[in-house]
Amino acid sequence: MKPDNSDNFLSPVWWADDRLMLVDQRLLPAEELDRAYGRWEDVADAIRTLVVRGAPAIGVAAAFGVALAARQSRATTFDALFGDLEAAIKGLAATRPTAVNLFWALERMRRVALASVGVPLDRVTARLLTEAQAIRDEDIAANRALGTHGAALVPANARILTHCNAGALATAGFGTALGVIRAAHAQGRVDRVWVDETRPVMQGSRLTAWECAREGIPHTLIADVVAASLMARGQVDLIVTGADRIATNGDTANKIGTYALAVLGRHHRVPFYVAAPFSTIDPALASGEHIPIEERDPAEVRRVGAQQTAPATSPVFNPAFDVTPAALITAIITERGVFRPPYDFA
Ligand code: MRU
């Protein structure tokens, strides 16, 4: 776990000793284990199996995966190197379909390679690593900036509900939704964070609660089904979540269960905010209906840990994300400021 500097926030993805380092998020909160990666194929596997997860963190890890592919290559011509990079980009892109940050980061890496025709191959390799580092650094800076913009929306003594983990662990550092909460907490404005446990993979209870506990942010863990009654009792002042892909009209894909919270927010007049960097906005999508939604292993729903909680033969529907229509979103908080409907991200 890399404590990143001055204010000691965490980063789950960094470069050290010619290796990509990832915090194994599958093991948290029981165990804090850093893993080292030297092959892009293993980075792809880490993304697929949720060693690293969260839209921006996946993008950063994939960028370093391409940098590793260049180092792995035995090519002696640019064309051969580019072929090896294209194979890695294709393999990394095939890991998870929903978070656009993955494809955005891979495209950035591809463009750096393409712009390096005629450059000595060892320099191309060095350029790719520099670009991956830049993607990581820019993500941290974006999250800090959006945290500041978002904190200005948080009233005094706020009770904030969040879903999944959009914290430092989901990004290169600081976090998006949890970055807003972190910044508001630093200003003394957070009474309590309601942390949805986030079935079935439990990113809320395993990761968000862990981050809050580590930083002394007052929080209370709830089963996902509790959110409605909390809002009915007037105990939620705002909802803030992250995003995996935002269409240009503001429709937003995020962890399954987010849409339900937005509907609840509208019914109970609780503002619903999305916090995300611009790398999460998909300029190619006019609306959310074509966002690809990942479906995951039925075993995630049939079991809780090692305990089987359903018949092994029961059919399961396990979408990892849902799409919240822009009409239910109060505002989208980015590093360039707070956007309100009708959205114009240009
Ligand atoms: O399946 P995951 O854990 O990768 O899903 C993560 C989320 O849905 C996050 O809310 C989203 O990626 C934003 S992270 C800043």
Exercise answer: donor-acceptor pairs, residues 62-71 side-chain atoms, under 3.5 Å, sequence neighbours excluded:
{"unit_1": "R71", "atom_1": "NH2", "unit_2": "D18", "atom_2": "OD1", "d": "2.8"}

Pair up each side-chain donor or acceptor in residues 229-239 with any protein partner under 3.5 Å, not counting sequence neighbours, and list the distances.
{"unit_1": "S229", "atom_1": "OG", "unit_2": "V226", "atom_2": "O", "d": "3.2"}
{"unit_1": "D237", "atom_1": "OD1", "unit_2": "R159", "atom_2": "NH2", "d": "2.9"}
{"unit_1": "D237", "atom_1": "OD2", "unit_2": "R159", "atom_2": "N", "d": "2.8"}
{"unit_1": "D237", "atom_1": "OD2", "unit_2": "R159", "atom_2": "NE", "d": "3.0"}

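For L114, the side chain to side chain contact (heavy atoms under 4.5 Å, CB included) criterion is met by F82, R110, not counting sequence neighbours. Scored by the side chain to side chain contact (heavy atoms under 4.5 Å, CB included) test, R48 finds A44, D45, T95 as partners (sequence neighbours excluded). Applying the side-chain hydrogen bond (donor to acceptor under 3.5 Å, both in side chains) test to Q203 and every residue at least two apart in sequence or in another chain returns nothing. Residues satisfying the salt bridge (charged side-chain N to carboxylate O under 4.0 Å, His left out) criterion with E138, sequence neighbours excluded, are R108. Qualifying side-chain hydrogen bond (donor to acceptor under 3.5 Å, both in side chains) partners for D191, counting only residues two or more places apart in sequence or in other chains: none. Not counting sequence neighbours, A260 has no partner by the side chain to side chain contact (heavy atoms under 4.5 Å, CB included) test. Under the salt bridge (charged side-chain N to carboxylate O under 4.0 Å, His left out) criterion, D224 pairs with no residue at all, not counting sequence neighbours.
Applying the side chain to side chain donor-acceptor pair (under 3.5 Å) test to pairs two or more places apart or on separate chains, those with a residue in residues 315-337 are E300-N318. Judged as a ring-ring contact (aromatic ring centres under 6.0 Å, His included), not a single pair has a partner in residues 246-276 (not counting sequence neighbours). Here ring-ring contact (aromatic ring centres under 6.0 Å, His included) pairs that include residues 319-346, with residues two or more places apart or in two chains, are F278-F339, F339-F345, Y343-F345.
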